[in-house]
Every structure is written in structure tokens, then in C-alpha cells.
Enquirer: 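Let me begin by handing over the structure; questions about it come next.
So you know, we letter chains A, B, ... as the sequences are listed, proteins then strands, and number each from 1.
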2 protein chains.
Amino acid sequence: MPTDDDILDVATRAFAEKGFDGARIDDIAHRAGVNKATLYYRIGGKDALYARAMERILGPKIARAERALVEIPDVEARLRLLARLLVDGADHEHASRFAAIMLREIAAGASTLPDTALALMGRFLAAIERTVAEGVAQGIFRPINPFLAHMALVGSGMLYAVNEPVRRRIADIAPGQSKDHMFLSPEDAARQVADMLLNGIRKP
Amino acid sequence: MPTDDDILDVATRAFAEKGFDGARIDDIAHRAGVNKATLYYRIGGKDALYARAMERILGPKIARAERALVEIPDVEARLRLLARLLVDGADHEHASRFAAIMLREIAAGASTLPDTALALMGRFLAAIERTVAEGVAQGIFRPINPFLAHMALVGSGMLYAVNEPVRRRIADIAPGQSKDHMFLSPEDAARQVADMLLNGIRKP
DNA sequence: TCCACTTTTAACCATTCGGTTGAAACCTCA
DNA sequence: TGAGGTTTCAACCGAATGGTTAAAAGTGGA
């Protein structure tokens, strides 16, 4: 018998691929190997399913980010870790699902984002902002707008994590040139994103 | 009588707010002040409506970007212009709608993106990549991965353009701190994004 | 005025979706 | 064996949705 976690995993994938509106309850129940009535009995309606899927995917990342605030004193190393949290995950699929859901939510103005999930996002943002602010206070970083630094890190990272299919389609319709640089490993991508950001905000 | 352009404008807003699946034909027709049958008579079904809306919003940006390739020899100035094209637009709403649609499409793996629109996106990417490559060849930029530079620019810019509602919600639930740095004008945001990227890729 | 084109009106259809229900089956543990 | 919780099954509901159409009404120019 599938556990709640199994169901949430399937639901997360569905929400990432199709969005909240596009995901189908029947489909999720069927793919999780559970009856629709069971899903309602165990978890509840679509809203509850979404909220729990979000907390499940956001929670561990936030916890890791906040642990880094006290465990990693070096601000550059800490920013690198935060970049990895965004681009990479327990596995790459996990990270790309996370990014897809977040991008959709941001595009929708967080209108369907449950309050609990929004609070978690806010804490991640706070972790990045605090790290940048520490770096500025230590004289390591330029007096950069920490919120824009957050945008740069999250934007580059999540966009890269999620847009592999788009890259593939673009590469297909523009043949002739070498496309190797478009397909990096998640680790390389996270490192290069962090490098670029750090070069951009480090004091000369 | 509303013109086709009026209808496309309403449709673009609807697609940006709700996504392709979420947008309702009846709603678009009603808000455009035109009958649904007229919409079908003049433009066609939902697919045609989406394709034309995309071309309308992408076309001018691509044209401007490709003009810059020959008109602006200075690679840094050119990159700044490309950043502005992403963050800012004819008006700010226009830019944020563009960004919202693009983010949704990227999150969906460009699965519903018409081929014509995808080709336009590819040309924008090519413009950024070529500019970065020129800068590298001139010895101005580090040998950066041009595709990642594209991610950084597009990611930061579009994320910022679109997430004003999210910032507002986050600011609301985390009171007490100053939030001024979270709300920049589009011009300031575009400039700071470009600054960060240029500092990140410029040779020391 | 007549004609071709455009727009509206209003209905229709087949499909889909989230959610519910009630009865039957199953399982576990005492 | 029996009771209580869990799961399945299949059908159903009501509301929307995308798409289409036939006929009437309106429009402007030759």
C-alpha cells in the first residue's frame, strides 16, 4: 500500500509538470496506485494535497539553509551552498520539480501559494539576504542590494534547473553550432552560477 | 469596435495571469468587449489566439535586440539594453506580462509554446550569447559560459519583473524590517541587474 | 437600393473535472 | 469471531469549458 509520502511524491511531480490547475486528481491517484476515494480519505481535497506537497518539498531546503546560517561562518561558502540548494537537490528531478512549481507560483503572483509555503519561502529569502548583509558588513561584498542578489541567485539557479527541455528544443531548431555549453551537470551549473554572482558582488 | 490588437492585449493579460489552461475564452471575449463568435471569426481558436499573442509580445523585443547587435558596438552597453528589454518594456505591465508568460512556459518545458514563439526566443538567446562571445573575444569579459550569462540575465530580470505581488506578500508577513530595497523602479532594477552581471563577467 | 462582409445572439454539444456517496471488501488486533 | 478502521469500486452530480453553428442584424460602399 502506497504511503502518504508516495502519494505526495506523485502529486509533486504532477503539479510541477502541469501546474495546479492542470494536474488531475484522478491522474495522481491512479499513478500513485491508490483509489481516488482513498486519497480524499487520507489527505483531503486538491488544496490540501498541494499544501502538503509544497511543505514537503520546501521544508528540508529551508531547514538546511537555516542550519547553514549558524554552521557556515564563511559568507562565500554559505552562498555557494544556498545556490546548490536551489539548483540541485536530493536528486536532480527533485530540484527541477521544486523550481518548476516555484516559477509557476511566482508567475501567478503567488495567488495559489498556501500561506505556510509562502512563509517558508520568506525564510529562504531571509537567509540569502542575511548572508549578503553579513558579507557587506565584513567589507567583503560591495554594498549590493541584497534582494537583487537573491533574485540573481534564485533566478539563474531555478531557471537553469528547470529549463532543460527548453534548451533541448532550442538546440534542435538552431543546428550547426556546438551546444555543449548549454548542457552542464547540476553541480557545474550551481558552481558557475555562484561564481558569477560572487564575482559580481565581491569587492574589487 | 475593438481591434484585433485590443483583443490580443486582453488575451495576453489573461494568459499572463492564469496561464494557457487557466485563461478562459469567454472571459477574454467579454473583457475585450467582443462576442465570442466574433473572436473565432477574426482570430480563430485558443491556439491561434495564444500564438498571435506571443508573437505580438515577443516580436518587438527580438527586433530591438537584433537591431542592437549592429547598432551598438560596445558590448557592455548592448548587454545593458538587453537587460532593459527583459525587465522593462513599452510599459511596466507589458514587461511583467511578458515575464509571467515566459516563466510559465519555461516551467512547463515549453510544451505549449508555439514553434514560432520558440524560434523568437532562440533568437533572443542568440543575441545575448553573441554579445557575450564578442566581449570574450575582445578580452573584456572572462571566458564565461555565455549560456549561463543568459540564464543570469533572463532569470534575474524576469523574476524581478514578475514577482512584485510575491514581494508584497512576503513583506506583509515579515514586518518590522525596512523593505525599501525590495521595491525598485524597473529602470533601477534593470541597471542593477546589468551591473551585477557585468561585474561578474568582466575581466579584473 | 442592393450586395458582400462583419458581428451578434443564443443555443447546443461532448467532455472534463473536483468532489461525494454508499455499499462492499479487506485488514488487524483483541 | 467480531468490531473498528481502512480501502476499493463504481457510479453519480453539478458546474464549467472549448468549440461550433444557424440565423438574424448591422454596416458600408458601389
Enquirer: Excluding sequence neighbours, so at least two apart, what forms salt bridge (charged side-chain N to carboxylate O under 4.0 Å, His left out) with B:D26?
Expert: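 For B:D26, the residues satisfying salt bridge (charged side-chain N to carboxylate O under 4.0 Å, His left out) (neighbours in sequence not counted) are B:K36.
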Enquirer: My understanding is that only residues two or more places apart in sequence, or in another chain, count here; which of them pass side chain to side chain donor-acceptor pair (under 3.5 Å) with A:N35?
Expert: none
Enquirer: Going by the salt bridge (charged side-chain N to carboxylate O under 4.0 Å, His left out) test, which pairs reach into residues 110-121 of chain A, not counting sequence neighbours?
Expert: A:D115-B:R169
Enquirer: What residues, two or more places apart in sequence or in another chain, satisfy ring-ring contact (aromatic ring centres under 6.0 Å, His included) together with B:Y40?
Expert: none
Enquirer: Using chain B heavy atoms and a threshold of under 4.0 Å, write down where along DNA chain C the contacts begin and end, 5' to 3'.
Expert: C:dT6 to C:dT9
Enquirer: Apply ring-ring contact (aromatic ring centres under 6.0 Å, His included) to A:F98 and list each qualifying residue two or more places apart in sequence or on a separate chain.
Expert: none
Enquirer: Please name all residues satisfying side chain to side chain donor-acceptor pair (under 3.5 Å) with A:R202, sequence neighbours left out, ordered by chain then number.
Expert: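 Checked A:R202 against side chain to side chain donor-acceptor pair (under 3.5 Å); matches are A:E76, A:N199.
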Enquirer: Taking protein heavy atoms under 4.0 Å as touching, what does nucleotides 4-19 of chain D look like 5' to 3' if B marks base contact, S marks sugar-phosphate-only contact and - marks none?
Expert: --SSBB-------SSB
Enquirer: Using the test ring-ring contact (aromatic ring centres under 6.0 Å, His included), find all partners of A:F124 that sit at least two apart in sequence or belong to another chain.
Expert: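 Applying ring-ring contact (aromatic ring centres under 6.0 Å, His included) to A:F124 gives none.
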